[in-house]
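First comes the structure, then the notes that go with it.
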Protein chains: 2
Amino acid sequence: MNTSQLCLGILCLGDASGYEIKKAIERTFSHFQATSYGSIYPALAKLTHQGLVSFHEQTQQKRPTKKVFTLTEAGRIQFFQTLMATEPTEQHRSDFLFLMMFAHLLPTEQNRALLEKQTAHLRSELDILERIINECPTLTPGMRFTLEYGIAANRALLRLMQGRSTALLREIDAARSPTAS
Amino acid sequence: MNTSQLCLGILCLGDASGYEIKKAIERTFSHFQATSYGSIYPALAKLTHQGLVSFHEQTQQKRPTKKVFTLTEAGRIQFFQTLMATEPTEQHRSDFLFLMMFAHLLPTEQNRALLEKQTAHLRSELDILERIINECPTLTPGMRFTLEYGIAANRALLRLMQGRSTALLREIDAARSPTAS
DNA sequence: TCGTTATATATCGGGGCAATATATTTATTG
DNA sequence: CAATAAATATATTGCCCCGATATATAACGA
């Protein structure tokens, strides 16, 4: 899913400026998509050029003028066609697991710190997702499902980290010097 | 984690050509890192220029000549320093969840197909990871842990998909036309 | 009042990814 | 047996993405 389609997806839910689109992506998709201004602004320029969105400048008191973008009918059709043609892929990038791959090269204290940071991160993600699902009763079933999905993954991983970290540190040390008892 | 550090990590485990590095990354890191030749070859050129790796051309019978790269002492030191300085981050990109976010715009049959594809994909990933962990007794504790991590996530998500898909499809349809019984 | 955060748009450089080019050999399949 | 596909091997290209930075204003808190 590229930034253009991400923008069309947000504009499907209502008009927004580039700045507001970024914030909406963070609010709505943050646990499974990300992007940046360096992608959004060029994407909006291209979408405008293609006639998939239009905009009007909205002057504000005591705020910079903003460009409010609207999805055009052509944009709505194109977005639907993209949805129909998109394969349900997933990718996971983890520097944490890369580091664990080389844990035998690192000091025990460093490994302990990495495991603790990762555990804290998973707990924090889980809390955020659970708060959203509990405090927003008007979510569509699809949106609710994306939260359930994130909660299921984070819960399972948090349980693994909590049950496995101590033994793992011992195993890494044991493998380091096989001669020591 | 950028492609240069990925290459150093692989070369830490033994000498290899660019082609072999790509295959080693797929074999060893595929469930949490990815890269391509378009990144690997420029990275190796840069690493050679920096003196972090060296290479010798190895002519082969009935195969193109290959450049076999070796980690230098400077490269080993630099890789260790990178490991010590890397934050244990994680990111998840899911076109599947993006599509679920807009499930109410798609025909029921399309949604059913998406859920089935995702379920099949999770099952296949789980099978691969379980086969590796069962058939490779010589893995380091860290490597074994990365597999346990992937297995835990895939198991939890597979359970969710199997228990939730049917009801989800009904809920999406029900939300589509609130007036229909 | 001084630093931080928020609103708002935009560009730049380095890097990443998918596709493509080239060449040879082995394996498969009709 | 011949045609085709897949594997081995290196490399480039073009498009896209991301983090950092620039610019400007204003609200907020210490």
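Just so we're on the same page: letters track the sequence lines, and every chain starts at 1.
The phosphate of D:dA11 (OP1 or OP2) has no side-chain N or O of B:Tyr37 nearer than 4.0 angstrom. Of the side-chain N and O atoms in A:Lys46, one or more sit less than 4.0 angstrom from OP1 or OP2 of D:dC16. The side chain of B:Ser39 contributes no N or O atom lying less than 4.0 Å from OP1 or OP2 of C:dG15. Distances shorter than 4.0 Å separate some side-chain N or O of A:Thr35 from OP1 or OP2 on D:dC18.
Taking the side chain as every heavy atom from C-beta outward, B:Thr89 and B:Met1 never approach each other to under 4.5 Å. Residues B:Glu148 and B:Leu129 form no side-chain contact, since every pair of their non-hydrogen atoms from C-beta on lies 4.5 Å or further apart. No side-chain heavy atom of A:Tyr149 sits less than 4.5 Å from a side-chain heavy atom of A:Phe32.
One atom, CD1 of B:Ile40, and another, P of C:dA18, lie 12 Å apart when rounded to the nearest Å. Between the NZ atom of A:Lys22 and the P atom of D:dA20 there is a distance of 12 Å, given to the nearest Å. Atom pair B:Lys66:NZ and D:dA11:P shows a separation of 14 Å (rounding to whole Å applied). Taking atom CD on A:Gln58 and atom C1' on C:dA8, their separation rounds to 12 Å, with Å as the unit. Rounded to whole Å, the distance from CD on A:Glu26 to P on C:dT7 is 11 Å. Separating the CG atom of A:Leu44 from the P atom of C:dA8 is a distance of 14 Å, rounded to the nearest angstrom. For the pair B:Gln33 CD and C:dG16 P, the interatomic distance rounds to 11 Å; values are reported in whole Å.
Nearer the 5' end of DNA chain D, as judged by each residue's closest nucleotide, is the contact made by B:Ser17, out of B:Ser17 and B:Arg93.
Which of C:dG16, D:dT12, D:dT10 sits closest to the side chain of B:Pro42 comes down to D:dT12. Of the candidate nucleotides C:dA6, C:dT11, D:dA9, C:dA6 has the atom lying nearest to any side-chain atom of A:Tyr19. You'll find that the side chain of A:Tyr41 is closest to C:dT11, out of C:dG16, D:dA11, C:dT11. The side chain of B:Lys67 has D:dT10 as its nearest neighbour among D:dC18, C:dA8, D:dT10.
When heavy atoms are screened at a 4.0 angstrom cut-off, B:Ala43 is found touching no nucleic acid atom at all. Looking at heavy-atom distances under 4.0 Å, B:Gly18 makes contact with sugar-phosphate atoms alone, never a base. B:Lys23 comes within 4.0 angstrom of sugar-phosphate atoms only, judged by non-hydrogen atoms across all strands, and of no base.
Recorded end-axis angle for the helix from C:dT1-D:dA30 to C:dG30-D:dC1 stands at 50°, based on five pairs per end and rounded to 10 degrees.
Because its NZ or CZ atom is both nearer than 6.0 Å to the ring centre of A:Tyr37 and within 45° of the ring axis, A:Lys22 counts as a cation-pi partner of that residue.
A salt bridge is defined here as a Lys NZ or Arg NE, NH1 or NH2 lying under 4.0 Å from an Asp or Glu carboxylate O, and A:Arg112 with A:Glu109 meets this definition. Electrostatic pairing of A:Asp173 and A:Arg176 counts as a salt bridge here, judged by a charged N lying under 4.0 Å from a carboxylate O. Salt bridge absent: A:Lys67 and A:Glu20 never bring a charged side-chain N and a carboxylate O closer than 4.0 Å.
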